[in-house]
**Q** 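One structure, as structure tokens, below. Some questions next.
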Amino acid sequence: MKIFIDSANIDEIREANEWGIIDGVTTNPSLIAREKKDIKQLIWEITEINKPVSVEGSSKEADGLIKEAGEIAGWGRNIVVKIPMTPEGIKAVTILKNYHNIKTNMTLVFSVNQALLAAMAGATYVSLFVGRLDDTGVDGMQVVEDIIKIFNHYHLKSEVIVASIRTPQHVTEAAIAGAHVATVPFKILEQMFNHPLTDAGIKKFTKDWEEIEKCAKK
Ligand code: G3P
């Protein structure tokens, strides 16, 4: 499974990239707006990590989505254009797949049927929002499992991104489910490092080293 960072904060992205554990970045209009920066400059800076970066525009109709995708693709290297899961979005993905060398990430996907349509249209990635599904009382990870089972059975090429991740357990479950990608907020990535037994072990070993150093030949 690949890990993307779900953030538009350049400091978070650079820090996570230095850990050497991320394979890409996903953004969305809410994450971009939070940074209060010029979007083109911000995306240019983010794409300097030279890994896939998903960016979403504002168009709703297929023609506008296709035109906008061409513009966004020029904002940096390795840009993946996020397209909303609508009939017009599916039409745009089909055209971008067949006539333009632009990778797409079908976003705001919440069901198996939506994921199927996105894969049939040729989306590079399909982003299933587990956290938002959980918020409605639906078991979001069950939907992920069903999608992955179907994609594997029919050898569908689209990669499933588990998005809207709210806990480290979501990352674990995404990996167990066989997801291609989990896109993880920075604070969850930080939480993934932590375990109380690791802390206790480091504390003990540090103390033991103090004993070792006392015995070392002066
Ligand atoms: O960026 C897409 C998705 O991960 C956003 O999730 O529900 O936390 O806004 P959410």
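All residue numbers in this chain count up from 1 along the given sequence. Whatever order the structure lists ligands and atoms in, that order sets their numbers, starting from 1.
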**Q** Just by modelled atom types, is the S58 backbone N or O under 3.5 Å from a matching donor or acceptor in the E68 side chain?
**A**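 Between the backbone of S58 and the side chain of E68 there is a qualifying donor-acceptor contact (under 3.5 Å).
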
**Q** Could you check whether R14 pairs with E18 (Lys NZ or Arg NE/NH1/NH2 to Asp/Glu carboxylate O, under 4.0 Å)?
**A**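 The answer is no: the pair does not qualify as a salt bridge.
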
**Q** Just which atoms of ligand 1 are under 4.0 Å from any heavy atom in F129?
**A**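 Atoms satisfying the 4.0 Å criterion: 2 (C), 3 (C), 5 (C).
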
**Q** For ligand 1, which is the ligand I care about here, please tell me if T26 has any N or O atom under 3.5 Å from one of the ligand's N or O atoms.
**A**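 N/O-N/O distance below 3.5 Å does not exist for this pair.
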
**Q** Answer yes or no: does an N/O atom from T183 fall short of 3.5 Å to an N/O atom of ligand 1?
**A**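 No, since none of the N or O atoms of T183 sits under 3.5 Å from an N or O of ligand 1.
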
**Q** Under 3.5 Å between some N or O of ligand 1 and some N or O of T27?
**A**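 Not met; the criterion fails.
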
**Q** A side-chain contact here means heavy atoms from C-beta on lying under 4.5 Å apart; do D146 and Q142 qualify?
**A**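 Yes, side chains in contact.
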
**Q** Quick test of your reading of the model: are E190 and K187 salt-bridged, counting only N-O distances below 4.0 Å?
**A**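 Salt bridge absent between E190 and K187.
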
**Q** Have a look at ligand 1 and work out which part of K82, if any, has a heavy atom under 4.0 Å from it: side chain, backbone, both or neither.
**A**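 For K82, the contact with ligand 1 is made by the side chain alone.
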
**Q** What is the nearest protein non-hydrogen atom to atom 9 (O) of ligand 1, stated with its residue, atom name and distance?
**A**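 For atom 9 (O) of ligand 1, the nearest protein heavy atom comes out as R132 NH2, 2.7 Å.
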
**Q** Which heavy atom of the protein is the closest neighbour of atom 6 (O) of ligand 1, given with residue, atom name and distance?
**A**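 Its nearest protein heavy-atom neighbour is S164 CA, 3.3 Å.
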
**Q** Would you say F193 has more than 12 foreign heavy atoms packed within less than 6.0 Å of its CZ?
**A**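 Yes, because the 6.0 Å sphere around CZ of F193 holds more than 12 heavy atoms from other groups.
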
**Q** Considering the heavy atoms of D6, write down every atom of ligand 1 situated less than 4.0 Å from one of them.
**A**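 Answer for ligand 1: 1 (O), 2 (C), 3 (C), 4 (O), 5 (C).
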
**Q** Determine whether more than 12 heavy atoms belonging to other residues, nucleotides or ligands lie under 6.0 Å from atom CG of N50.
**A**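 Result for CG/N50: enclosed.
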
